[in-house]
A.B. asks: 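Below is a structure I'd like to ask you about.
Order of listing sets the numbers, starting from 1, for every ligand and every atom in it.
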Amino acid sequence: MKNKAAYCTGLEKMEIDDAPMPVCGDEDVLIEVAYCGVCGSDAHWYANGEAGFEDVYPYILGHEFTGVVIETGSEVSNLKIGDRVVVEPGKTCGKCKWCKEGRYNLCPDIRFLSAPREQGAMQKYVAHPASLCYKLPENVSLKTGALIEPFAVGLHAVETAEVTPGKTVAILGCGCIGLCVLMASKLYHAAKVIMLDVFEEKLQTALAFGADAVIHSKNEDAAARVMELTDGMGADIVFEAAGTPVTTAMTEKLVMRGGVITLIGCTHGETPFEFYHIIEKEVAIKPIFRYRNNYQTAIKALEGGRVELDRLITGEYTLEQAKEAFDTALYGKQDNIKVMVKIKDE
Ligand SMILES: [Zn+2]
Ligand SMILES: [Zn+2]
């Protein structure tokens with residue numbers, strides 16, 4: 001067996017090269033990777049890198065992946081050779097306060113694949129703790145399974161914000177994560193989902209995915225339109241899934257008195273936020289970071305045909321075409337949602 005990887009070798013540079021064969025530890029499984037999606041964070045890293053990690057190259061990106069178990073460590077009992085699995089990419093310490101409380105996404109020692117300095121999954125073989133690998137049901141393909149990771153973000157967001165039947169939801173940003181929040185909100189029986197973006201193509205996509213109303217937040221008065229659509233009350237829950245200071249600042253204008261704002265996007269930089277509106281409206285701000293304990297729900301929802309995640313895939317490339325895949329994720333048209341890299345046939 002020979003390993004091969006797509007190495008990011010600098011800003012917007014990608015090279016396919018031989019890679020060391022991962023070692024399967026006692027509690028690990030060795031996975032032959034099948035599909036790996038390009039995450040917004042991967043594309044961001046590919047384009048911009050990160051301060052403090054200028055020396056990390058050659059670096060392997062990718063963390064949204066599935067594959068087939070080809071070797072099991074001596075301590076592994078939950079999986080066997082031939083199992084098709086989806087992988088939770090964050091390796092936690094299991095010992096800290098947050099791990100013990102089950103809030104393991106907050107583990108300060110988490111090693112998350114494709115977050116520096118942990119190498120990612122755009123390679124033919126990955127060794128990973130078996131406890132973080134979940135068997136896929138027979139009716140879920142390896143390709144669709146690779147979307148469980150971003151969908152887990154949507155589930156963690158709606159569970160944190162407590163979307164329940166009857167609630168009205170507003171989502172800022174109609175990219176992959178915004179659409180995952182839309183699908184998760186529908187799964188939790190939100191009464192109405194309003195989606196906002198500044199690109200017409202993205203609003204059309206949101207409608208095709210079942211949004212009840214869409215707002216062009218540049219051409220329209222977003223706050224006035226949300227009030228119109230909610231009998232003058234505002235949305236029970238506002239999700240920020242665009243990751244910009246402008247959309248983050250907008251959340252307080254769309255939310256109802258006593259409502260909830262959940263921040264998902266990785267907003268950096270100063271954000272002008274009118275906190276007095278949060279205080280007088282007693283709004284709860286509940287940010288989320290990645291996800292925790294959501295994979296089983298995502299897998300069951302897929303198995304039961306309750307979500308159609310495969311609709312998110314708008315492009316497919318081979319490992320050799322990894323550069324093209326990343327360029328498409330970065331510069332592709334606005335109707336582009338999720339770019340998938342096929343590393344091995346099913
Ligand atoms: Zn991701
Ligand atoms: Zn920990």
A.B. asks: Quick one: does I194's side chain get under 4.5 Å of I215's, heavy atoms only?
C.D. replies: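 A side-chain contact under 4.5 Å exists here.
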
A.B. asks: Walk me through it: do F326 and L61 pass the test side-chain contact (heavy atoms from CB on, under 4.5 Å)?
C.D. replies: CA-CA 10 Å; F326 276 79; L61 295 162; 3.6 Å; yes

A.B. asks: Tell me which N, O or S atom of E64 sits nearest to the Zn ion (ligand 1).
C.D. replies: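 Going by distance to the Zn ion (ligand 1), the closest N, O or S atom in E64 is OE2.
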
A.B. asks: Given atoms SG of C93 and SG of C96, what angle do they subtend at the Zn ion (ligand 2), to the nearest 10 degrees?
C.D. replies: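 That angle works out to 110° after rounding to 10°.
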
A.B. asks: May I ask you to check if any N/O/S atom from D42 comes under 2.8 Å of the Zn ion (ligand 1)?
C.D. replies: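 So D42 does not bind the Zn ion (ligand 1) by this criterion.
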
A.B. asks: Any Lys/Arg nitrogen of K4 or E320 sitting under 4.0 Å from an Asp/Glu carboxylate oxygen of the other?
C.D. replies: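 Counted as a salt bridge, because a side-chain N and a carboxylate O are separated by less than 4.0 Å.
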
A.B. asks: Compute the angle centred on the Zn ion (ligand 1) spanning SG of C39 and OE1 of E149, and express it rounded to 10 degrees.
C.D. replies: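 Angle SG(C39)-the Zn ion (ligand 1)-OE1(E149): 170°, rounded to 10°.
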
A.B. asks: Have a look at Y134 and tell me which of Q296, E88, R84 forms a side-chain hydrogen bond (donor to acceptor under 3.5 Å, both in side chains) with it.
C.D. replies: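 One option only clears the test, and that one is E88.
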
A.B. asks: For Y59, run the ring pair (Phe, Tyr, Trp, His ring centres under 6.0 Å) check against Y7, Y46, W45, F53 and tell me which one passes.
C.D. replies: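 Answer to the ring pair (Phe, Tyr, Trp, His ring centres under 6.0 Å) test with Y59 among Y7, Y46, W45, F53: W45.
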
A.B. asks: Among the N, O or S atoms that H63 has, which is closest to the Zn ion (ligand 1)?
C.D. replies: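 Considering only N, O and S atoms, H63 comes nearest to the Zn ion (ligand 1) through NE2.
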
